[in-house]
Colleague: 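Sharing a structure here in structure tokens format.
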Protein chains: 2
Amino acid sequence: MIDPRLITLRVFARCGTVGATAELTGYSPSAVSAQLRELQRMLGMQLLTKDGRGVRLTATGRFLVSGSDALIAEWERLRAAAMEAGDQVQSRFGLGGFSTAAAQLLAPLAAALRSTRPLLEVQVLEANPARCFDLLVAERIDLAVIVAMQSDTYVEDDPRFEQMVLLDDPLDVIIPGDHPLASRESVTLEELAGEPWITEAAGSTYHSLFTAAFTAVGVTPRIAHEAVEWETQIAFVGAGLGVGLLPRLAPLHSAENVVRLRITGKGRPSRRIVAAVRRGSIASPLVQESLGILQSSAQRILTARPEDER
Amino acid sequence: MIDPRLITLRVFARCGTVGATAELTGYSPSAVSAQLRELQRMLGMQLLTKDGRGVRLTATGRFLVSGSDALIAEWERLRAAAMEAGDQVQSRFGLGGFSTAAAQLLAPLAAALRSTRPLLEVQVLEANPARCFDLLVAERIDLAVIVAMQSDTYVEDDPRFEQMVLLDDPLDVIIPGDHPLASRESVTLEELAGEPWITEAAGSTYHSLFTAAFTAVGVTPRIAHEAVEWETQIAFVGAGLGVGLLPRLAPLHSAENVVRLRITGKGRPSRRIVAAVRRGSIASPLVQESLGILQSSAQRILTARPEDER
DNA sequence: ACCCATCATGCACCGAATGTGCACGGTTAT
DNA sequence: ATAACCGTGCACATTCGGTGCATGATGGGT
């Protein structure tokens with residue numbers, strides 16, 4: 001409904017380069033360039049300036065982008081209200097999510113939607129949280145299940161999004177089966193302060209979560225190895241290379257020589273899993289139904305846990 | 001920026017038939033039909049129902065149309081603000097107006113804009129007030145100078161428009177030169193109650209104004225003849241067929257045997273001339289400049305009048 | 001009751017808008 | 001200096017969207 005060129009401009013405002021905008025929106029770089037040029041022509045505004053080998057938003061461009069938040073939200077609100085009033089649903093629904101954890105919530109959701117609305121075209125995109133927000137802006141997806149972080153990519157009251165907490169997923173410790181603490185039921189982070197830690201690369205989604213967990217208890221861990229996938233990390237731990245943190249929702253499968261321990265003590269790290277939609281679309285019947293399914297999934301996960309860990 | 005199909009739907013909501021919508025928007029009926037069908041498909045909503053030999057908005061359709069007022073206004077606001085922030089103006093500007101009176105304000109405006117902004121493409125459309133509002137909705141014009149009436153086509157606080165009073169244009173009486181009262185400087189409507197009146201056809205723009213003038217003083221005039229153009233009405237009066245009301249701004253030219261008299265007494269009928277724009281666009285630099293020009297034109301007209309008639 | 005006016009819509013056709021892929025020029029980093 | 005990167009222009013293809021005409025359906029006029 002809103003001119004797709006404006007959406008493209010908004011995506012550009014997020015990622016800053018034409019190439020990245022093209023990748024996110026699904027267009028070619030030439031198309032993005034042409035769209036932005038056409039947008040400027042039709043509005044009679046100069047929105048971009050050359051900046052080195054790239055382009056940059058002008059003040060007018062930034063103004064337009066930030067002001068368009070309200071416009072987009074207004075449209076989403078209107079569409080949602082009309083959908084509800086007319087008791088109708090759209091034909092396409094894009095879901096985004098990250099990692100195995102989100103998959104545990106997204107997969108049931110997609111399956112449920114597929115059964116209740118057989119003629120609804122559901123598309124699931126796996127992407128990290130930051131990219132999920134990008135995809136929401138680019139209107140490639142309509143709902144994202146992501147891990148909230150206290151980084152700059154996550155702002156509670158962003159005018160572009162509305163968010164809803166689904167559950168807090170505690171982090172466990174995984175240690176080699178032959179580790180002295182392997183027979184324990186739970187440990188504190190302080191007890192593991194001296195261990196060689198395995199985590200993701202700095203700047204990654206979970207690295208900030210990792211450091212946040214330790215700064216909370218005032219310990220500085222020694223990072224020995226880095227792994228991208230959970231599976232790799234688990235394998236490293238099984239090989240006795242060190243210890244690591246693993247979200248409760250991430251399955252250990254049949255990992256050899258790896259033990260999962262609860263963390264006790266004052267530092268009880270967890271990651272917050274939230275659902276995010278474009279602002280205004282929260283009232284849409286499909287979003288409402290999806291949120292309900294997600295919440296019941298989350299509830300089911302929570303009730304399966306011991307009383308004191310909810 | 002807003003999908004033109006939604007604009008088309010809004011125009012349809014005003015005039016009710018595909019054909020009229022096509023005429024107003026400048027499309028062919030087939031195009032309007034296709035657009036509305038495509039709009040329903042892309043939104044997944046049923047907006048129209050067959051109704052006899054025509055089509056009618058569904059409840060969802062009406063909801064969407066009324067809700068879209070805020071969306072359109074939001075966009076106009078954003079564009080206006082960005083224009084102002086970036087100190088830039090659009091390339092096209094459509095003006096609408098009615099009758100000779102509005103032309104006296106519109107022509108100077110168009111001329112002034114043409115000189116101050118040489119590369120601005122100014123288009124003037126003559127149309128009656130109701131059609132001017134339609135053209136505003138259809139985005140064919142951006143500013144209209146119309147005669148405010150207490151009919152259903154004019155609502156003070158319509159969510160789609162913003163209006164601004166320019167001036168009140170008093171109505172004069174025109175009578176034949178050989179009429180007993182022709183030597184008077186002013187008359188009251190009561191004095192002319194028994195005369196045969198000449199007016200426009202019932203339902204026309206000025207007929208309601210005409211009747212309103214007489215109901216204000218409690219007189220029911222005898223309507224003897226009907227004329228569409230001022231010129232015709234003046235000629236009728238000159239031929240001694242009756243008397244009529246003529247707005248001050250309508251020139252009498254060199255009409256033979258016709259005298260224009262001021263109206264005094266408690267009923268001092270006048271028509272209110274207002275400028276109208278789409279809601280939100282009032283802050284646009286071009287609109288601001290136009291309103292300034294219109295107001296100074298109005299001021300010039302007012303100062304040319306005797307003190308007691310302003 | 002018949003006929004015609006009116007209205008919306010489907011279809012064939014056409015043009016313009018908009019996409020892609022590739023090559024090029026300018027800019028920064030190594 | 002060279003290579004990598006980024007944006008953009010150009011040729012080309014495709015698709016979207018509009019027109020004009022014919023058709024079907026409905027309701028008012030006589």
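Within every chain, numbering begins at 1; the chains are lettered A, B, ... in the order of the sequence lines, protein sequences first and strands thereafter. Predicted, not measured: the structure shown is a model, and the values here were computed from it.
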Colleague: I would like to know whether V32(A) and F12(A) meet side-chain contact (heavy atoms from CB on, under 4.5 Å); could you show each step before the answer?
Modeller: CA-CA 9 Å; V32(A) 170; F12(A) 175 85; 5.6 Å; no
Colleague: Starting at atom NZ of K50(A), determine the distance to atom P of dG25(C), rounded to an integer number of angstrom.
Modeller: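 In whole Å, dG25(C) P and K50(A) NZ are 13 Å from each other.
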Colleague: Is Q35(A) near enough to dG19(C) that one of its side-chain N or O atoms lies under 4.0 angstrom from OP1 or OP2?
Modeller: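 True: Q35(A) side-chain N/O within range (under 4.0 Å) of dG19(C) OP1/OP2.
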Colleague: Do the ring planes of F133(B) and F161(B) sit parallel (below 30°), tilted (30 to 60°) or perpendicular (above 60°)?
Modeller: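 F133(B) vs F161(B) ring planes: tilted.
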Colleague: Output the rounded distance in Å from CG (L36(B)) to P (dC7(C)).
Modeller: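 In whole Å, dC7(C) P and L36(B) CG are 16 Å from each other.
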Colleague: Taking OP1 and OP2 of dG10(C), is either one under 4.0 Å from a side-chain nitrogen or oxygen of R37(B)?
Modeller: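 True: R37(B) side-chain N/O within range (under 4.0 Å) of dG10(C) OP1/OP2.
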Colleague: Among side-chain atoms of T116(A) and E289(A), is any donor-acceptor pair under 3.5 angstrom?
Modeller: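 Looking only at side-chain atoms, E289(A) and T116(A) do form a donor-acceptor pair, the distance falling under 3.5 Å.
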Colleague: Identify, residue by residue, the members of residues 16-33 of chain A with a heavy atom below 4.0 Å from DNA chain D, and return them in order of residue number, or none.
Modeller: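 Residues of residues 16-33 of chain A that come under 4.0 Å of DNA chain D are, in numerical order, T17(A), V18(A), G19(A), P29(A), S30(A), S33(A).
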Colleague: Regarding R10(B) and S68(B), is there a side-chain donor-to-acceptor distance under 3.5 Å anywhere?
Modeller: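 Yes, side-chain donor-acceptor contact under 3.5 Å.
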Colleague: Give the intermediate values and the outcome of side-chain contact (heavy atoms from CB on, under 4.5 Å) for residues L57(A) and T49(A).
Modeller: CA-CA 6 Å; L57(A) 282 178; T49(A) 328; over 6 Å; no
Colleague: I'd like the 5' and 3' limits of the part of DNA chain D contacted by chain B, with heavy-atom contacts below 4.0 Å.
Modeller: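 Range of nucleotides touched by chain B: dG17(D) to dG27(D).
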Colleague: Taking the basic N atoms (NZ, or NE/NH1/NH2) and the acidic carboxylate oxygens, is any pair closer than 4.0 Å for E121(B) and R92(B)?
Modeller: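 Answer for the salt bridge query: no.
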Colleague: Could you check which residues of residues 38-47 of chain B get a heavy atom under 4.0 Å from DNA chain D? Sort them by number, please.
Modeller: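 Output list: empty, so none.
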Colleague: Between R41(B) (side chain) and L36(B) (backbone), is there a donor-acceptor pair under 3.5 Å?
Modeller: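 Answer holds: no.
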Colleague: Under 3.5 Å, is there a donor-acceptor pair between the side chain of S66(A) and the main chain of R62(A)?
Modeller: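 Looks like yes, one N/O pair under 3.5 Å.
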Colleague: Report which part of the nucleic acid R5(A) touches: base, sugar-phosphate, or nothing (heavy-atom distance under 4.0 Å, all strands).
Modeller: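 Sugar-phosphate, no base atom in range.
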Colleague: Taking only Lys NZ, Arg NE, NH1 and NH2, and the carboxylate oxygens of Asp or Glu, determine whether D69(B) and R279(B) approach each other closer than 4.0 Å.
Modeller: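 No, D69(B) and R279(B) are not salt-bridged.
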Colleague: Go nucleotide by nucleotide along DNA chain C from the 5' end; which of G52(A) and A34(A) gets its closest nucleotide reached first?
Modeller: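 Looking at the nearest nucleotide for each, A34(A) comes out on the 5' side.
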Colleague: Do T58(A) and Q46(A) have side-chain atoms, one donor and one acceptor, less than 3.5 Å apart?
Modeller: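 On atom types as modelled, these side chains do not qualify, holding no pair under 3.5 Å.
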Colleague: For R53(A) and dC24(C), what is the distance between atoms CZ and C1' respectively, to the nearest whole Å?
Modeller: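 R53(A) atom CZ is separated from dC24(C) atom C1' by 16 Å.
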Colleague: Go through M42(A) and R37(A) one step at a time and tell me if the side-chain contact (heavy atoms from CB on, under 4.5 Å) criterion holds.
Modeller: CA-CA 9 Å; M42(A) 76 185 283; R37(A) 184 155 30 87; over 6 Å; no
